[in-house]
Amino acid sequence: MNKIVFGKYLPLNSPIHHLDPRAKILAMLVMLVAVFMPAGWYGYIVIAIILSIVTMIAKIKFSYIYRSFKPMMMMVIFLLIINILSFKEGVLLLDLGFLTVYSNALFQTFYIAVRLILMIMITTLLTFTTKPLDLTLGIEYVLGPFTRFGLPTHEIAMIISIALRFIPTIIEETMRIMNSQKSRGVDFEEGKLKEKVMAIVSLIVPLFSVAFQRADELANAMEARGYVPGEERTRYKQLKYTKNDFILLAGSFLVLAMVIVLAFVI
Amino acid sequence: MPIEFKELSYVYDEGMPFAHHALNKIDLAIEEGIVTAIVGKTGSGKSTMIEHLNALLLPSEGSLKILDHTIIAKEKNTNLKALRQKVGLVFQFSEYQLFEETIIKDVSFGPKNFGASEEEAVLKAKEALKLVGLDESYYERSPLNLSGGQKRRVAIAGILAMDPSIIVLDEPTAGLDPKGASEMMSIFKTLNKDYQKTIILVTHDNELVYDFADEVVLLDGGEVKAKLKCEDFFSDQTLIDTYKIVLPKIVALRNMLKEKGFKGLDEVRDIEELVERVVDFE
């Protein structure tokens, strides 16, 4: 089961992969802010083009990016329903008496869907090109300033990296348990409500039990290797900014500036 | 033949640039009532093959006949549930499939899914639990609080309670201590000998294969490279050299003795008997 790509790291060799994780995280934040500016279609087109160029530089196939969109479809459909029910402006497209569909509802949904797609593109680009360990390190540095307010940055970074690391494992485990229950006659696709609930229970309970077991084993392995939360740690890998990192940061701020101009000045 | 693979291929991620041919034109017939071992390296296609036996994967090409079901690639297949009742698949680390509050409920889950009434299912569950050596005192206990070996017995009972005529075992002894492993295998021996179940055993462990299997199928790179009687398999020198097959200890010992000039030791499977023959040898 390698169909779910969200949160995965793709070990390729590209300039993007070699960038400093701190720079990538900051650039991601700046880009996310840019996506949330009401910059209109021109802004989004520019952002999309820039992201596509970055994807190409990172040697990532677009089919991969496309696959990470799929889980989002349910959300878009849900949004569409809400929008159809709430937006009553624009041109009347469809009138079923009890239900009226206006053009603005479709437009608004499309607008939000584009935003979501861009957001997912930005975040998956980060996870595709950054090793989980580097990502954690980067998060820790970026959160660094908040330590003085009592934020346990190291622990947060560790939690995030462990969560990311275990997504594929848990998916694999899920597939395995689903297969064993199918063999015992569970039908995950069809059946009455009661049967469906039973099918889900037969999946969830073993999954939880496995997850707790894994968590326990992981905790033991970490302790055995001397991990103490909150303790001062030294690092083998030292982060260093290079020329490319500054280009990335400058580029992302440039995009933000452009979007702001598009949104508020013009 | 209860199971027949015909030119069966399976491709993971078909149509994608990283498509992977896990099985390549498999032609194989597995006989009824015997124990067939499927051996091969990690990634040779063993697991893919057995998932086909339960229609968890459907062939990309070719066809597969299991009892009176025929699964043909790219055709709509119905009645998969009936097939799954007849072929019991015991997964590797099958204890992870346990989920009910009590053991008896968990074991009767399978038969109930296949349409048995509550009483029938419980009856079958009791029978299956007896077969794996768990008595009445276990019925009301939680399956999640047992030891690893006991959990696996409950999981296997869960499959046996469905009363399949073919039982597929994927590394049934992995992670068990030697005593637990040999007890486990004797359960399957009983099922084969006394209940005439057809058994397919997938394993890395050639000791297990030698002790237990009648036929051996060797998979490599998604292709069937050999299908021989167990004794013939472990004496086929070219096969052993080509695929670096680790010989069972007793076969290795026999070969060494043979080199030293001892004769008439062929097909001696028991260590005691081997020692006697060597002592008596003139």
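The shown structure was predicted, so the numbers you read here are calculated from the model rather than taken from an experiment. Proteins get letters first, then strands, A, B, ... in listed order; numbering begins at 1 in each.
Contacts with chain A (heavy atom to heavy atom, under 4.5 Å) involve these residues of residues 108-122 of chain B, listed by number: B:F109, B:G110, B:N113, B:F114.
Using a 4.5 Å cut-off between heavy atoms, B:L98 touches chain A through its backbone atoms (N, CA, C, O) alone. Heavy-atom distances place the side chain of A:Q213, and not its backbone, under 4.5 Å from chain B. Neither the backbone nor the side chain of B:E95 comes within contact range of chain A; no heavy atoms are under 4.5 Å apart.
Around atom NZ of B:K86, more than 12 heavy atoms belonging to other residues, nucleotides or ligands sit under 6.0 Å away. Other residues, nucleotides and ligands contribute only 12 or fewer heavy atoms inside 6.0 Å of the CZ atom of A:F78. Counting heavy-atom neighbours within 6.0 Å of B:K74 NZ, excluding the residue itself, gives a total above 12. At most 12 heavy atoms of other shown residues, nucleotides or ligands fall within 6.0 angstrom of atom CE in A:M75. The neighbour count for A:F188 CZ, taken as heavy atoms of other residues, nucleotides or ligands under 6.0 Å away, is above 12. Atom CZ of A:F62 has more than 12 heavy atoms from other residues, nucleotides or ligands within 6.0 Å.
Electrostatic pairing of B:D106 and A:R184 counts as a salt bridge here, judged by a charged N lying under 4.0 Å from a carboxylate O.
Looking at every heavy atom in both residues, A:Q181 comes nearest to B:Q97 through NE2-O, 2.9 Å. In this structure, B:F99 and A:V205 approach most closely via the heavy-atom pair O-CG1, 3.4 Å.
Of the inter-residue distances, the one linking B:L83 atom CG with A:S183 atom OG reads 9.5 Å to the nearest 0.5 angstrom. Residue A:D187 holds its CG atom at 5.5 Å from NZ of B:K81, rounded to the nearest 0.5 Å.
Each ring pair (Phe, Tyr, Trp, His ring centres under 6.0 Å) pair with one or both residues in residues 48-85 of chain B, not counting sequence neighbours, appears once here: B:Y10-B:H52.
The closest side-chain heavy-atom distance from B:Y96 to A:S180 is not below 4.5 Å.
For the side-chain contact (heavy atoms from CB on, under 4.5 Å) with A:K182, the qualifying choice from B:L56, B:L89, B:L80 is B:L56, the only one to do so.
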